[in-house]
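I have placed the structure first, in the form of structure tokens, so that the comments after it can refer back to it.
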Number of protein chains: 2
Amino acid sequence: MSTTTLTPVFAALADDTRWAILQELGSAELSASALADRLPVTRQAITKHLAVLAECGLVESYRAGREVRHRAVGSRLTETARALEAIGTEWDRRLAAIRRIAEAP
Amino acid sequence: MSTTTLTPVFAALADDTRWAILQELGSAELSASALADRLPVTRQAITKHLAVLAECGLVESYRAGREVRHRAVGSRLTETARALEAIGTEWDRRLAAIRRIAEAP
DNA sequence: GTTGTGTGCAACTCCAGAGTTGCACATGCT
DNA sequence: AGCATGTGCAACTCTGGAGTTGCACACAAC
């Protein structure tokens, strides 16, 4: 996963309301209206957030009768986490190498 | 690490310019002016970004003569990655449990 | 001392996005 | 059929933040 694909995910995760939505959808599959009942924002706001989250694969949706249920996609988060960890490790590795050279006798 | 401490880190990582800065600082320790030479933004913009990144522990700084050098902190990223992975796993675990109950005979 | 380079602070512009209201449409239930 | 509920789309407001310019100060080198 490149940095280019990473940024939109972080942009999605940078909002408190979206985290609140994800927290709900990580415990149960809910419709936009059901989410609006549990959170202090409008259903339309929720719908917009769900679009952002779906765009980068953090939520999946399906119709159930006349309502649309949504759920959090944990694997997408795990995938992102692995990419992050790799980058962090790489930073430390490279900077440690530079320090080693600088302190060489 | 709670979700509360997580959001600012993602807000910091949600910007392309900041990622560019982090990429540079993951390979070498540079001053704000040196970064401004390599990136298509002003030194003042870089300084603001560095403040955001330092605020959530993603970069560290130290004075070297009259200049201030900065470096990326990989461990902070790794730490965040582990928290993310735990949350993702938890989502999948809970939703799988619900599906199992729903499909029970 | 003077010059050049690096830093710090403040005020300003500008746009993306978070949230709202309003209306129209679809579908389930009685 | 009639009503209630869930959804979709569009237009609007408003604040945060990314980036800029401008100026003042610190320190190293000559």
Side-chain angles (χ1 to χ4, degrees), chain A residues 3-25 27-72 102, chain B residues 3-25 27-72 102:
Chain A
T3 305
T4 320
T5 35
L6 233 42
T7 313
V9 179
F10 295 132
L13 295 177
D15 187 88
D16 286 323
T17 303
R18 278 197 286 268
W19 266 109
I21 292 176
L22 286 174
Q23 186 173 333
E24 296 290 337
L25 296 184
S27 306
E29 302 181 349
L30 299 169
S31 69
S33 298
L35 283 167
D37 287 339
R38 301 165 192 235
L39 299 176
V41 285
T42 318
R43 173 185 62 85
Q44 284 79 352
I46 302 252
T47 301
K48 288 186 183 179
H49 285 307
L50 286 173
V52 174
L53 293 169
E55 178 70 22
C56 58
L58 283 169
V59 303
E60 287 177 349
S61 312
Y62 65 95
R63 289 204 76 97
R66 70 174 165 179
E67 68 180 17
V68 181
R69 299 229 182 90
H70 310 270
R71 66 164 160 267
Chain B
T3 304
T4 319
T5 38
L6 234 41
T7 314
V9 179
F10 294 133
L13 295 177
D15 187 88
D16 285 322
T17 302
R18 277 197 286 268
W19 265 110
I21 292 176
L22 286 174
Q23 187 173 333
E24 297 291 337
L25 296 184
S27 306
E29 302 181 349
L30 300 169
S31 68
S33 299
L35 284 167
D37 286 339
R38 301 165 193 235
L39 298 176
V41 285
T42 317
R43 173 184 62 86
Q44 284 79 351
I46 303 252
T47 300
K48 287 186 185 179
H49 285 307
L50 287 173
V52 174
L53 293 170
E55 179 70 22
C56 58
L58 283 169
V59 303
E60 286 175 349
S61 312
Y62 65 96
R63 289 203 77 97
R66 70 175 166 180
E67 68 180 16
V68 181
R69 298 228 183 90
H70 311 270
R71 66 167 161 266

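In what follows, chains carry the letters A, B, and so on, assigned in the order in which the sequence lines appear, proteins first and then strands, with residues in each chain numbered from 1.
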Practice task
Take the protein atom CG of A/Leu50 and the nucleotide atom C1' of C/dG17, then report the distance between them rounded to whole Å.
Solution key: 16 Å

Exercise for the section: Look at the side chain of B/Arg43 and the backbone N and O of B/Ala36, then say whether any donor-acceptor pair between them is shorter than 3.5 Å. Expected result: no

Problem - Candidate nucleotides C/dT7, C/dT21, D/dT7, ranked by approach to the side chain of A/Ser33 - the nearest - result: D/dT7

Completion exercise
Quick tally for nucleotides 9-17 of chain D: nucleotides whose base has a protein heavy atom under 4.0 Å get B, sugar-phosphate-only ones S, the rest -, giving B-B------

Practice task
Find the distance B/Phe10:CZ to C/dG17:C1' and express it as a whole number of Å.
Solution key: 19 Å

Exercise for the section: With the side chain counted from C-beta on, respond yes when B/Leu13 and B/Leu22 share a heavy-atom pair under 4.5 Å apart, and no when they do not. Expected result: yes

Exercise for the section: Would you please confirm or rule out a distance under 4.0 Å between OP1 or OP2 of C/dG17 and any side-chain N or O of A/His49? Expected result: no

Fill in the blank from the handout: Between CG of B/Asp16 and C1' of D/dG19 the distance, given in whole Å, is 15 Å

Contacts under 3.5 Å, N or O only, protein and nucleotides 26-30 of chain C:
residue: C/dT27; atom: O2; partner: A/Arg66; partner atom: NH1; Å: 3.2

Exercise for the section: Output all residues satisfying side chain to side chain donor-acceptor pair (under 3.5 Å) with A/Glu55, sequence neighbours left out; order by chain, then residue number. Expected result: none

Problem - Minimum heavy-atom distance between B/Arg69 and B/Glu67, given as atom pair plus value - result: NE-OE2, 2.9 Å

Problem - Min side-chain heavy-atom separation A/Leu50-A/Leu35 under 4.5 Å - result: yes

Practice task
Send over the distance from B/Tyr62 OH to C/dG6 P, rounded to a whole Å.
Solution key: 15 Å

Handout entry: CG-CD1 distance between B/Leu58 and B/Ile21, expressed to the nearest 0.5 angstrom
Key = 11.5 Å

Handout entry: Residue closer to the 5' end of DNA chain C, A/Thr42 versus B/Glu67 (nearest nucleotide)
Key = B/Glu67

Practice task
Examine distances only and state if a side-chain atom of B/Arg71 and a backbone atom of B/Tyr62 form a donor-acceptor pair shorter than 3.5 Å.
Solution key: no

Exercise for the section: Would you indicate what B/Val68 reaches in the nucleic acid, counting non-hydrogen atoms under 4.0 angstrom: base, sugar-phosphate, or nothing? Expected result: sugar-phosphate

Problem - A/Ser31 side chain to A/Ala34 backbone, donor-acceptor under 3.5 Å - result: yes

Handout entry: Distance-minimising heavy-atom pair for B/His70 and B/Leu25
Key = O-CD2, 3.2 Å

Problem - Nearest-angstrom distance from the residue atom CG of B/Asp37 to C1' of C/dT7 - result: 14 Å

Exercise for the section: Verify the contact: side-chain N or O of A/Thr17 to OP1 or OP2 of C/dG19, cut-off strictly under 4.0 Å; return yes or no. Expected result: yes

